[in-house]
Amino acid sequence: MNKGTLAKGYEPGDVEERWYSFWEENGLFEPDPASDRDPFCIVIPPPNVTGFLHMGHALNNTLQDILCRYKRMCGYNVLWQPGMDHAGIATQNVVEKDLASRGLTRHEIGRERFVELVWEWREKYGGVIMNQLKRLGSCCDWSRARFTMDEGLSKAVLEVFVQLYEEGLIYRGDYIINWCPRCHTALADLEVEHEERDSFLYHIRYPFEDGRGGLVVATTRPETMLGDTAVAVNPEDERYRDVSGRRVILPLLDKPIPVIFDRYVDMEFGTGALKITPAHDPNDFEIGATHGLDLVKVIDDDGRMNELAGSYKGMDRFQCREKVLADLEAAGLLEKVEPYRNSVGHCYRCATMIEPLLSKQWFVRVKPLAEKAVEAVREGRTRIVPSQWEGVYYEWMTNIRDWCVSRQIWWGHRIPAWYCDDCGRVMVAKEAPLTCAECGGSGLRQDTDVLDTWFSSALWPFSTLGWPDHTDYLRTFYPTSVLITGFDILFFWVARMMMMGIHFMGDVPFRDVYIHALVRDAGGRKMSKSKGNVIDPLDIIDRYGTDAFRFTLAALAAQGRDVKLSEERIAGYRNFVNKIWNSARLTLMNLDEQDAGEAPENAVFTLADRWILTRLHNVTREIQASIEEYRFNDAASLCYHFTWHEFCDWYLEMAKQGLYSEDETLKRSTRFVLRKAMLSVLRLIHPFMPFVTEELWHRMPGTSGSIMAAPFPQPGDY
RNA sequence: AGGCACGUAGCUCAGGGGGAGAGCGCUACCCUGACACGGUAGAGGUCCUGGGUUCAAAUCCCAGCGUGCCUACCA
């Protein structure tokens, strides 16, 4: 490497590419599993295979990279475990869209061919985001990259599913679930996004069977009345004293249904009479269950009315609503229509309105798992930073409901359950049984559903390290040191990793969880692919360089605050990168190879020399403390202020006296301190700006090897 | 319906019981042998409103107003 004068300004382009290859080729990202140094491990939040690097990834991975580089320089045996998520529904949707552009549907080509196509898609585009992470400078051990659909990780999924089933923590049953008529699958409660909308509350009269008056119910979804099997009132309600044992006629279908009493009914709301649709509403389902009501499912999987809906059969649910209202109006049974605001659930993948409906699904009984996960945080075995998120975590975990894990899609881990054609017996096993365990029949069919994509993600901290095998990596790096993630997946992912990690490994998956804010768009909305409001980080990197971009993210990453990125800010830190470059330029113009050794004999240190070393001592301590406490913005601003306004503005200016002096001893002494300080600055800043510091490190006299392998400065160095 | 944040310079945002800050923008002067992606010197804020605690509050507490987000089975 040339040690010599530098160009006048820093040009990131080729420098970044050159050093990234250098690091990778020299295995600098790989830990030594046999090392006796303290381990430090982070598992990456696996990006979706279909993903492209967005600001959220950029922030998340920059923070992880800062920690990994810092810890490695501090002497830890560092593993940053990378990989990708198969992202069930999201990926299936992408590939389906691609098919649609060729005029095909997945049903036309069949399950087997479709899954093949998804794998082909993965081969073609799956590497994209990994290469984008490399441009960010991420020091992941790419030789260990994992994918949730890998053989090993799939084995872990089977192991977990079967064990949970055997422990009675997984069961199958008929419940009201959230159904997306477009994705054609069940969704977990978490996968439903609620949005407040202007709507209407319709008051509908249900006449008594005996012809004496009627009850008026209020509903926002009149089409579901076709599935009503009762009307409920509160037993305390004075107005409905005399309804006991009577029946009302369900309008439009002319079907008598009972009036029942249930304390669930709120007397204050509407008329105090509630229509009960057990097959299409979760509350009604429970009321129906306690009263032994019939379940009448009138909406099918496509969101259309079925044969039980009488003359409405074949209409889609929205059409049906209009028709039902018109018919009620005509019959004089629509008493009142009032404007009403309520929140309506939508699919988190395609924004289609969710239809709650009765369906047979697989569930994880999470209560017992959640209790231990709560305990772990309460006891401090896992620390959540910033601590404000602890409350949110407890709240969610203590009110948690069973997790619906089956999805009616094709891309994912197939549920390891088989059904006997002859006797109907269900068998759950790691391998396909040949014959029925009950009747010996050989007509066995595997469940056609796959698992929720978050099921495999929940195992990520140990499945990527080799579990269920007892590997060296698992022994060395579990529990991992820290998980860095956005709060948007606190429940989806973090909570579930806690539950699974504790249950299957007997210990928490990570010591610390650092929750960072989200990078939002101008309107404060989440940036997401589906909303199309994403600003491309790669474009920023092309124009300003990775170091400036990373430094900006770190500087803005105040705990618990959203990051609103402005381009002016990035330009400002680009200037800072250039400032560092030029401070090194000045340094190099005044040093030669002779300055690489020990302090000169009879060295004279000026006040400026002693001052800058004292300042370095303090700043080093403060930067270390900031990084250790995940105060990335503080660390970044310490680097910025110290380097620019103390090292450059004052020290370099004052050092010029010594550098240009006729006094050889003074000159050599100054050069010695200047070099020492410069090398410290580079190492302090390296975790934030890996590329420019690596380039400059190699240019300085007396350095060898990568700055990544150089020790991080310690307060005692000065 | 609950919960959590936030309201600081023209803009975007840090900070946080006693000195009001950064980036960009703005004014004036400097291409001084590292850097004009620079230097020096400046202008600019009742730190949302009203109470309270304190020797002292922008900073802590309460209320209000405004904004954003998260969770939620009231039709």
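Residue numbers start from 1 in every chain, and the chains themselves are labelled A, B, ... in the order their sequence lines are given, proteins ahead of strands.
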Atom C1', compared across B:rG50 and B:rG3: separation rounded to whole Å: 25 Å

Nearest-angstrom distance, P atom, B:rC11 to B:rC26: 15 Å

Whole-angstrom distance between B:rG66 and B:rG21, as gauged at atom P: 33 Å

Inter-nucleotide P distance (B:rA56, B:rG2), Å rounded: 37 Å

Counterpart residues, side chain to side chain contact (heavy atoms under 4.5 Å, CB included), relative to A:Arg205 (two or more places apart): A:Val216, A:Leu333, A:Glu335

Touch class at under 4.0 angstrom, heavy-atom based, for A:Ile176 against every strand present: nothing

Under-4.0 Å side-chain N/O to phosphate OP1/OP2 contact, A:Arg221 with B:rA75: no

Side chain A:Glu268 and base B:rA75 donor-acceptor under 3.5 Å: no

Touch class at under 4.0 angstrom, heavy-atom based, for A:Val217 against every strand present: nothing

Nucleic acid contacts of residues 574-583 of chain A, taken as heavy-atom distances under 4.0 Å to RNA chain B: A:Arg574, A:Asn575, A:Asn578, A:Lys579, A:Asn582, A:Ser583

Interatomic distance, A:Trp396 CH2 vs B:rU71 C1' [rounded to whole Å]: 8 Å

Atom pairs, protein N/O to nucleotides 2-11 of chain B N/O, distance under 3.5 Å:
none

Interatomic distance at C1', B:rG64 relative to B:rG7, whole Å: 14 Å

